[in-house]
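Contents: one structure, followed by commentary.
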Amino acid sequence: MTEMNRTIRGTPRFLLLPFLFIIAASGCGESGATGENDNTGGAGSGTGGATAGSTSAGTGGDATGSTSAGTGGDATGSTNAGTGGDATGGTGSVSSGAGTGGAPSSSPTFHIFMLMGQSNMAGVADKQDSDKNSDARLKVLGGCNQPAGQWNLANPPLSDCPGEKGWNLSTSVDPGIWFGKTLLGKLPEGDTIGLVATAESGESINTFITGGSHHQMILNKIAKAKTAENARFAGIIFHQGETDNGQSSWPGKVVQLYNEVKAAWGVDYDVPFILGELPAGGCCGGHNNLVHQAADMLPMGYWVSQQGTNVMDQYHFDHASVVIMGTRYGEKMIEALKW
């Protein structure tokens with residue numbers, strides 16, 4: 001399991017001008033392989049991270065008109081990441097999103113997460129009133145019984161029903177909704193979360209990678225998600241393995257899936273990929289050694305424990321366990337993104 005967390009603190013600088021003291025406050029964001037937003041820092045702008053257009057990262061924040069960045073991430077429109085950042089007036093560049101610890105851009109960030117796997121990600125346990133979401137900051141692309149190809153209010157189940165194979169249930173709750181609800185508690189002010197659910201019940205990982213029957217569906221959803229204003233690919237949660245129980249080639253295929261999803265997004269940065277353990281009380285608890293192995297092989301791989309969960313048959317989490325797993329996915333993603 002790879003933990004890629006580090007913290008860089010900006011240092012204050014003082015610039016003495018005739019008859020005027022300008023204090024450039026230090027940036028105080030956090031850096032890592034993932035992108036966070038809205039830290040304070042960089043003088044001139046008064047907020048951490050570069051405004052859209054900066055090209056470099058360094059220590060401290062510069063005043064208006066400078067071309068050098070403070071410690072930390074550039075805002076949307078730059079390729080560089082870090083903490084703290086530039087003030088208004090940096091040299092311009094273009095890219096796919098904000099760097100770790102970057103400043104808020106003129107428009108809020110739309111953080112998009114992929115929900116991937118088979119039936120325990122699609123959901124099997126019956127949904128309850130407590131699973132409903134009314135927060136407009138939590139969206140889903142399409143979703144069960146909602147208009148396809150557009151961003152809708154996220155409510156379970158989030159994956160298409162009946163799905164390409166026809167097995168996804170319309171009456172179920174999935175861990176993705178509780179993942180999203182957990183993220184809302186730490187979502188940067190003004191930002192929004194978008195969930196792209198691609199789970200297919202009863203499917204091998206082979207159907208999700210190149211040559212598989214569901215691969216094009218994943219590419220189509222990513223292509224649509226990329227067109228959202230201020231979209232930033234932020235992470236993946238993954239529950240799959242029952243169909244491939246114990247297959248030694250499975251971890252390598254998980255890495256392949258990650259690389260293909262990243263290539264489809266067209267990004268040059270890594271995002272957290274969080275795997276869920278399979279239920280210990282079901283058919284396939286022995287597969288969890290491969291779950292851990294896959295996490296270790298990924299550049300930002302993590303796994304969440306199934307400890308304390310229960311199954312309602314030999315394969316599927318019961319309702320309480322769906323809530324537990326979804327919440328754990330969310331807590332781990334918050335940790336990985338340093339929200």
Side-chain angles (χ1 to χ4, degrees), residues 112-125 140-144 148-149 156-170 172 174-176 179 195-226 233 235-266 271 273-279 282-295 297-298 301 303 313-317 322 325 329:
I112 299 182
F113 299 89
M114 303 289 295
L115 317 179
M116 310 189 77
Q118 57 181 110
S119 55
N120 270 317
M121 183 60 74
V124 176
V140 63
L141 182 61
C144 180
L158 302 175
S159 291
D160 296 338
C161 62
E164 291 186 325
K165 193 170 184 177
W167 287 8
N168 290 355
L169 302 176
S170 63
S172 64
D174 49 308
F179 165 75
L195 305 176
V196 179
T198 64
E200 287 285 341
S201 296
E203 288 301 291
S204 165
I205 195 170
N206 294 320
T207 67
F208 301 131
I209 57 180
T210 297
S213 56
H214 304 301
H215 182 67
Q216 190 59 49
M217 174 268 289
I218 294 170
L219 297 183
N220 291 345
K221 287 199 171 187
I222 292 173
K224 181 63 179 179
K226 286 168 62 176
F233 177 36
I236 301 168
I237 64 172
F238 183 70
H239 187 106
Q240 195 275 332
E242 290 88 350
T243 300
D244 301 313
N245 182 32
Q247 295 184 16
S248 61
S249 61
W250 184 84
K253 291 176 181 179
V254 172
V255 175
Q256 179 181 345
L257 177 63
Y258 170 75
N259 288 333
E260 290 179 352
V261 168
K262 180 178 168 181
W265 274 97
V271 301
F273 189 110
I274 304 174
L275 298 94
E277 285 191 328
L278 278 57
C283 66
C284 313
H287 189 80
N288 288 334
N289 290 330
L290 297 177
V291 169
H292 304 163
Q293 183 179 331
M297 293 169 63
L298 291 160
W303 56 269
D313 54 37
Q314 63 174 324
Y315 299 105
H316 302 114
F317 291 118
V322 170
M325 293 300 291
Y329 279 123

Quick one: does [X]'s side chain get under 4.5 Å of [Y]'s, heavy atoms only?
| X | Y | result |
| --- | --- | --- |
| H239 | L278 | yes |
| P279 | N120 | yes |
| S213 | E203 | yes |
| S159 | M121 | no |
| L298 | V254 | yes |
| L115 | Y329 | no |
| V261 | M116 | yes |
| H214 | T198 | no |

How many angstroms lie between atom [atom1] of [X] and atom [atom2] of [Y], to the nearest 0.5 angstrom?
| X | Y | atom1 | atom2 | answer |
| --- | --- | --- | --- | --- |
| H316 | S201 | NE2 | OG | 6.5 Å |
| I222 | M217 | CD1 | CE | 10.0 Å |
| K226 | I112 | NZ | CD1 | 11.0 Å |
| S249 | L290 | OG | CG | 9.0 Å |
| C161 | L169 | SG | CG | 8.5 Å |
| K253 | Q247 | NZ | CD | 6.0 Å |

So which heavy atom on [X] is nearest to which on [Y], and how close?
| X | Y | result |
| --- | --- | --- |
| A122 | A199 | N-CB, 3.6 Å |
| M114 | W265 | SD-NE1, 3.9 Å |
| I237 | F179 | CG2-CE1, 3.7 Å |
| G163 | N168 | CA-ND2, 4.0 Å |
| G176 | L195 | O-CD1, 3.8 Å |
| D174 | P156 | OD1-CB, 3.5 Å |

Practice prompt. Could you tell me how the ring of W250 sits relative to the ring of H287: parallel (under 30°), tilted (30 to 60°) or perpendicular (over 60°)?
Written response: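 Correct class here is perpendicular.
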Practice prompt. Determine the interplanar angle of the F238 and F273 rings, folded into 0 to 90°, and report it as parallel if under 30°, tilted if 30 to 60°, perpendicular if over 60°.
Written response: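 If you compare the ring of F238 with that of F273, the planes turn out tilted.
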Fill in: Q118 versus T243, side-chain donor and acceptor atoms under 3.5 Å
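Side-chain D/A pair, T243 to Q118: present.
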Practice prompt. Tell me yes or no: between the side chains of N220 and Q216, is some donor less than 3.5 Å from an acceptor?
Written response: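 N220 vs Q216: donor-acceptor pair found between side chains.
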Worksheet item: Do you know which of H215, Q256, Q240 makes side-chain contact (heavy atoms from CB on, under 4.5 Å) with F208?
Response: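 Exactly one pass, corresponding to Q240.
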Fill in: Side-chain donor/acceptor of Y258 to backbone N/O of V271, under 3.5 Å
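Yes, Y258 side chain to V271 backbone: donor-acceptor pair under 3.5 Å.
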Worksheet item: Are the side chain of N288 and the backbone N or O of G285 linked by a donor-acceptor pair below 3.5 Å?
Response: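 Yes, the answer is positive, given that a donor and an acceptor are paired below the 3.5 Å cut-off.
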Name all residues meeting the salt bridge (charged side-chain N to carboxylate O under 4.0 Å, His left out) criterion together with [X]; count only those two or more places apart in sequence or in a different chain, and write none if there are none.
| X | result |
| --- | --- |
| K221 | D160 |
| K224 | none |
| E200 | none |

